[in-house]
**Student:** 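Sending over a structure as structure tokens; questions will come in a sec.
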Amino acid sequence: HMPRFLLDFYICFYYSVRMLNGIKIYSSDALWRHILSEMGATVFTTPDDADVNFDALGLAGPVSALAIQTAIQNALDGDIHIIHDIVGHNVHLPVIQARIIIMLHKSGGMSGAELRAALGYSPSATTHAVDTAIYQLRRTFGRDFIINDNGVYRIGRV
């Protein structure tokens, strides 16, 4: 039996925009995993590969979809200082571009397949989303911002 506040919440956002697209989230609770998945998140049953540990956010119902999105975004913003340090100023980027910068910085470099997998795509996917995001980052910060060294993407220079 689903608690009433969760049912109301579920109905409220079911027809709304999928506001967590591209974000990888861990939750130990099956119901929250379902709700987060419906909101567009990629949901994990172990915290190792997730960007956000939903359980650690301490949200207790009733809670709105907007409150959930805000709490998750605030958790992700903890890495925003990395982007500032790299580019030298505050900048607002689409989620996929920000995640690419943060992952490449933290890892020291990733192959295209590793980067696609880290962003929630199949490593062998033929999607151009990652390529397009890298192109846009290079267009914004310069051709040498993200370099490809023998198949490994790395942060270059601004």
Side-chain angles (χ1 to χ4, degrees), residues 13-28 32-59 63-158:
F13 81 83
Y14 185 77
Y15 297 103
S16 68
V17 176
R18 294 169 56 94
M19 55 182 67
L20 299 177
N21 280 340
I23 300 174
K24 299 187 300 184
I25 302 175
Y26 160 76
S27 177
S28 62
W32 277 117
R33 286 195 305 269
H34 179 76
I35 291 170
L36 294 165
S37 175
E38 289 290 324
M39 293 177 75
T42 302
V43 181
F44 291 86
T45 56
T46 59
D48 300 334
D49 296 320
D51 298 322
V52 175
N53 181 337
F54 186 78
D55 296 352
L57 298 179
L59 296 176
V63 61
S64 70
L66 183 58
I68 290 172
Q69 180 186 19
T70 300
I72 290 169
Q73 192 60 53
N74 288 341
L76 290 171
D77 286 346
D79 284 334
I80 292 301
H81 70 278
I82 291 171
I83 296 172
H84 179 274
D85 291 347
I86 292 170
V87 301
H89 60 280
N90 289 334
V91 61
H92 296 285
L93 297 170
V95 171
I96 189 171
Q97 291 179 29
R99 290 183 62 212
I100 287 171
I101 293 170
I102 291 164
M103 284 188 282
L104 291 179
H105 174 76
K106 286 183 173 181
S107 68
M110 300 174 87
S111 71
E114 291 169 331
L115 193 52
R116 282 190 296 279
L119 290 166
Y121 299 100
S122 166
S124 60
T126 57
T127 180
H128 294 288
V130 175
D131 297 328
T132 300
I134 290 171
Y135 168 79
Q136 291 167 338
L137 285 166
R138 286 174 172 158
R139 194 177 72 203
T140 301
F141 299 110
R143 186 168 180 246
D144 295 329
F145 181 64
I146 295 181
I147 56 173
N148 187 326
D149 182 24
N150 293 322
V152 175
Y153 289 103
R154 300 185 196 291
I155 298 294
R157 57 185 163 89
V158 179

**Student:** Report the distance from atom CZ of F145 to atom CD1 of I155, rounding to the nearest 0.5 Å.
**Tutor:** 4.5 Å
**Student:** Could you tell me which non-hydrogen atom of Y26 sits nearest to which non-hydrogen atom of N53, and how far apart they are?
**Tutor:** CD2-OD1, 3.3 Å
**Student:** Would you please test K106 and I82 for side chain to side chain contact (heavy atoms under 4.5 Å, CB included) and show each step?
**Tutor:** CA-CA 9 Å; K106 286 183 173 181; I82 291 171; 3.7 Å; yes
**Student:** In Å, rounded to the nearest 0.5 Å, how long is the span from CG of L104 to CG of L115?
**Tutor:** 5.5 Å
**Student:** Given side chain to side chain contact (heavy atoms under 4.5 Å, CB included), test I25 with W32 step by step and report yes or no.
**Tutor:** CA-CA 10 Å; I25 302 175; W32 277 117; over 6 Å; no
**Student:** Which residue pairs pass the side chain to side chain donor-acceptor pair (under 3.5 Å) test when at least one of the two sits in residues 141-158, sequence neighbours left out?
**Tutor:** D144-R157
**Student:** Would you confirm whether Q97, through its side chain, and P94, through its main-chain N or O, come within 3.5 Å as a donor-acceptor pair?
**Tutor:** no
**Student:** Starting at CD1 of I72, measure out to CG of L59 and round the result to the nearest 0.5 Å.
**Tutor:** 7.5 Å
**Student:** Mind checking the CE-CD spacing from M103 to E114? Nearest 0.5 Å is all I need.
**Tutor:** 11.0 Å
**Student:** Working to the nearest 0.5 Å, report the span between CD1 of I83 and NE2 of H89.
**Tutor:** 10.5 Å
**Student:** Mind running side chain to side chain contact (heavy atoms under 4.5 Å, CB included) on L57 and I68 for me, showing each step along the way?
**Tutor:** CA-CA 9 Å; L57 298 179; I68 290 172; over 6 Å; no
**Student:** Looking at residues at least two apart in the chain, or sitting in another chain, which of them share a side-chain hydrogen bond (donor to acceptor under 3.5 Å, both in side chains) with R99?
**Tutor:** D51
**Student:** Look up atom CD1 in I146 and atom CG in L137, then write down how far apart they are to the nearest 0.5 Å.
**Tutor:** 4.5 Å
**Student:** What are the two closest non-hydrogen atoms of F44 and K24, and how far apart are they?
**Tutor:** CE1-CB, 3.4 Å
**Student:** Taking T140 for the side chain and Q136 for the main chain, is one N or O donor matched with an acceptor at less than 3.5 Å?
**Tutor:** yes
**Student:** What heavy-atom pair brings D55 and S27 nearest, and what distance separates the two atoms?
**Tutor:** OD1-OG, 3.2 Å
**Student:** Do I96 and T132 have side-chain heavy atoms sitting under 4.5 Å apart?
**Tutor:** no
**Student:** Among all residues two or more places apart in sequence or in another chain, which pass the side-chain contact (heavy atoms from CB on, under 4.5 Å) test with S107?
**Tutor:** M110
**Student:** Passes side chain to side chain contact (heavy atoms under 4.5 Å, CB included), F54 versus V43? Steps please.
**Tutor:** CA-CA 10 Å; F54 186 78; V43 181; over 6 Å; no
